[in-house]
Amino acid sequence: MIVPFLIMLREGIEAALIVGIVASYLVRTGRREWLPSLWIGVGLACAVSLAAGAALDIIAGELPQRGQELFEAVVGLIAAAMLTSMVFWMRKAARSIKGELQAGVDAALSGEHQGLALVGLAFLAVVREGLESVFFLLAIFQQSGGWAPALGAGLGLLLAAAAGYAIYALGVKLNLRVFFRWTGILILFVAAGLVANAVRSLHEAGLWNHLQQTVYDLGTVLPADGALGAVLSGFFGYQERAALGEVIAYLVFLIPMLVLFLAGNRQEHTAAVAPRAEARRSPRLRLAGIGTLLLICGGIGAFIYAAGTGGRRAAEAGTTDIAVAITDRTCEPSTLTVPAGKASFVVTNRGARVLEWEILDGVMVLEERENIAPGQSRRLTTQLHPGEYAITCGLLSAPRGRLIVQASATQPRPALTLMDMVGPAAEYRAFLSERSAAFGAAVDVLDRARSGGDTAATEKARRDTAALLPSLHPAAASDAELEALFIRLRAALAEDGAVAGAETKPAAEAFRAALGQRTVLPDTMLAGAITLLSSPEGEAPSPEDVAAASHIAQLLVPLAARIDPDLAARTRAVLVALPNDAKPGGALQALAEDLSAMRKALALPEAERRS
């Protein structure tokens, strides 16, 4: 009971917060007659979520995750823009409710499309998480033997609504100036959370795969499915595990908006609300309210039907379903081998926390199921190409499992597209970003040692910095500008003592700046790796060169397995043998040959290269 309660509290509190603030704003500005427009937006969102979720469950048996994540991202960005606009409108209202602004507001609420903005804002606030919540509730009703989980979910929604009402009641009683100031700040935090969550949703939809390095992971300290985590998630967009891109989006949005909002508030002065004539309510508003009630009734009916038939469909599930059991830190089986094509997984949570299950291609999320409550199961059906993928096992910080998709002898090998390169390119970009940062830190140490006049420390720092450089070299292949900057940097590090320290820093800054602007595709990675292993003077490559080339091979083996499983298996065997057989002509030569074969196998068709 407690887990459904916390999930629905987390999902509902953000929407309740927005609706409560908007309702109190309408009351404080003397526009109580437009509250029905707000409730119509809420009702429409509930009706759409219930009906669409039930229809998808009846027809497909599951929620199309990628479409849902894209939907949440778009709606979240629109809602953030509308909320931000409302905040600055409220700031102007705090300066002077009467006069020109009030006339403009009255005009906006008495035009041809009366209250449409209010309906839209309330609709977006509720529908953003509505579909996912409906699927969670359907799973609860379909799989639970008693009423306790459903009761917990209902209590979570009621508490979220109570929090929204408390915000409304407090806003009505507050001094007008205090009301506008603090609700404006709170809304900006909510909007920043919407922007950050939109970035996460775009990643989970497969459209944004950059800056995926983990900044913090508080899953064991402050879980998002706990009571405090649920509240922080609703108010501030808290996530227990955040990627760099999400943190940057949050701060880049929040800091400038707060500065602009607070700077404007310094000039505000309290003004009484001017008396205004009662606005004429459109007769269509009553009809819209009746229509919304009918839609809600239809949505509830569809939900009840889906909840009843879903249980029977689950009991009739076919034997072709692939069962996966997950706990907080493990999944069983941890390695799955399935044939290419359409696959249906039934994921059961046997842990104590709310979990999700993901299929990953590098850092790119191919498919996932979220909000799997303890003891509950969720179905995931997807089309899989031959290759090797990672699967999450419980918490996202837990060790990952493997999903091996085998091509059949009769199945034609798929042709690669530019989209197939997104996952490896994004993962390699994250690797380059990490190594570039480490290289930059080493250059700073070298520069400080040189400035301090410590010859021994300078020489040691120079050697340490030079050892990090080969891992960045493959990115410069087939790029004349980057290659020239790399050669300049390598030449600077080849110097001794003070000369190396003085020349390296500007060369490193220029190279790192150019590298940060590049997206390196597999063909470039492989060309660079082959260059590392092919010394023109017949010398054996350095251990650093071998490590950089091996990393690229490991990164691209899953993609190669889609096209040539034998080549992928051969490369894996070479990588295993390499630490014990790194002499020229042995595993090292075999790795160079496999990399050349991989480059041919992963070459894009001409039409894709032009695009």
Side-chain angles (χ1 to χ4, degrees), residues 209-217 243-245 247-248 360 362-364 390 421-449 460-479 481-494 500-501 503-533 541-559 575 578-579 582 591 595:
N209 297 290
H210 307 297
L211 302 174
Q212 292 304 310
Q213 303 94 313
T214 300
V215 175
Y216 64 81
D217 189 344
L244 179 60
V247 174
I248 290 175
L360 304 169
V363 298
M364 185 168 69
M421 307 294 174
V422 171
E427 189 165 357
Y428 190 59
R429 187 184 185 94
F431 168 79
L432 287 177
S433 177
E434 178 187 346
R435 291 305 173 94
S436 177
F439 181 76
V443 169
D444 290 339
V445 172
L446 172 59
D447 188 59
R448 286 195 297 270
K460 180 182 183 302
R462 184 190 68 82
R463 291 194 302 268
D464 292 343
T465 305
L468 294 172
L469 192 57
S471 63
L472 303 176
H473 192 192
S478 307
D479 188 322
E481 179 190 358
L482 209 55
E483 182 68 27
L485 291 171
F486 180 86
I487 292 172
R488 174 191 168 196
L489 179 55
R490 184 170 57 186
L493 283 170
E503 296 293 330
T504 299
K505 191 169 183 64
E509 289 176 350
F511 176 73
R512 292 182 64 212
L515 181 63
Q517 299 173 358
R518 301 300 197 272
T519 296
V520 184
L521 293 177
D523 184 74
T524 301
M525 300 180 210
L526 290 166
I530 294 167
T531 301
L532 289 178
L533 299 180
S542 68
E544 293 81 10
D545 290 339
V546 175
S550 299
H551 176 81
I552 290 173
Q554 291 171 344
L555 177 64
L556 294 177
V557 158
L559 184 60
L575 290 172
L578 192 58
L591 178 60
L595 289 173

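- Heavy-atom minimum distance, Pro522 versus Leu559: CG-CD2, 4.3 Å.
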Quiz item: Taking it one step at a time, do Asp479 and Thr524 satisfy side chain to side chain contact (heavy atoms under 4.5 Å, CB included)?
Solution: CA-CA 9 Å; Asp479 188 322; Thr524 301; over 6 Å; no
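- With sequence neighbours left out, Arg448 forms a side-chain contact (heavy atoms from CB on, under 4.5 Å) with Asp444, Val445.
- A donor-acceptor pair under 3.5 Å is absent between the side-chain atoms of Ser433 and the main chain of Arg429, judged by distance alone.
- Closest approach of Phe486 and Ala476 over heavy atoms only: CB-CB, 4.5 Å.
- When all heavy atoms of Leu532 and Ala548 are compared, the pair lying nearest together is CD1-CB, 3.6 Å.
- With sequence neighbours left out, the salt bridge (Lys or Arg N to Asp or Glu O under 4.0 Å) criterion links Glu544 to no other residue.
- Judged as a ring-ring contact (aromatic ring centres under 6.0 Å, His included), and not counting sequence neighbours, Phe439 has no contacts.
- The salt bridge (Lys or Arg N to Asp or Glu O under 4.0 Å) search around Asp523 returns Arg599, not counting sequence neighbours.
- Every residue meeting the salt bridge (Lys or Arg N to Asp or Glu O under 4.0 Å) condition with Glu509, not counting sequence neighbours, appears here in chain and number order: Lys505.
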Solution key, residues 466-474 side-chain donor-acceptor pairs under 3.5 Å, sequence neighbours excluded:
from	atom 1	to	atom 2	distance (Å)
Ser471	OG	Leu468	O	2.9

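- Shown here are the side chain to side chain donor-acceptor pair (under 3.5 Å) partners of Ser436, two or more places apart in sequence or in another chain: Arg512.
- With sequence neighbours excluded, the residues satisfying side-chain contact (heavy atoms from CB on, under 4.5 Å) with Leu521 are Leu418, Met421, Ala425.
- A pairwise comparison of heavy atoms in Leu591 and Leu578 identifies CD2-CD2, 3.9 Å as the closest pair.
- The structure places CG of Leu493 at 4.0 Å from OG1 of Thr504, a figure rounded to the nearest 0.5 Å.
- Not counting sequence neighbours, the partners of Glu481 by the side chain to side chain donor-acceptor pair (under 3.5 Å) test are Arg518.
- Under the side-chain contact (heavy atoms from CB on, under 4.5 Å) criterion, Ala510 pairs with Leu485, Arg488, sequence neighbours left out.
- Taking each heavy atom of Ala430 and Gln213 in turn, the nearest pair found is O-NE2, 4.0 Å.
- With sequence neighbours excluded, the residues that form a side-chain contact (heavy atoms from CB on, under 4.5 Å) with Ile487 are Glu483, Arg490.
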Just list the side-chain donor-acceptor pairs under 3.5 Å for residues 549-558, sequence neighbours left out, or say none.
from	atom 1	to	atom 2	distance (Å)
Ser550	OG	Val546	O	2.8

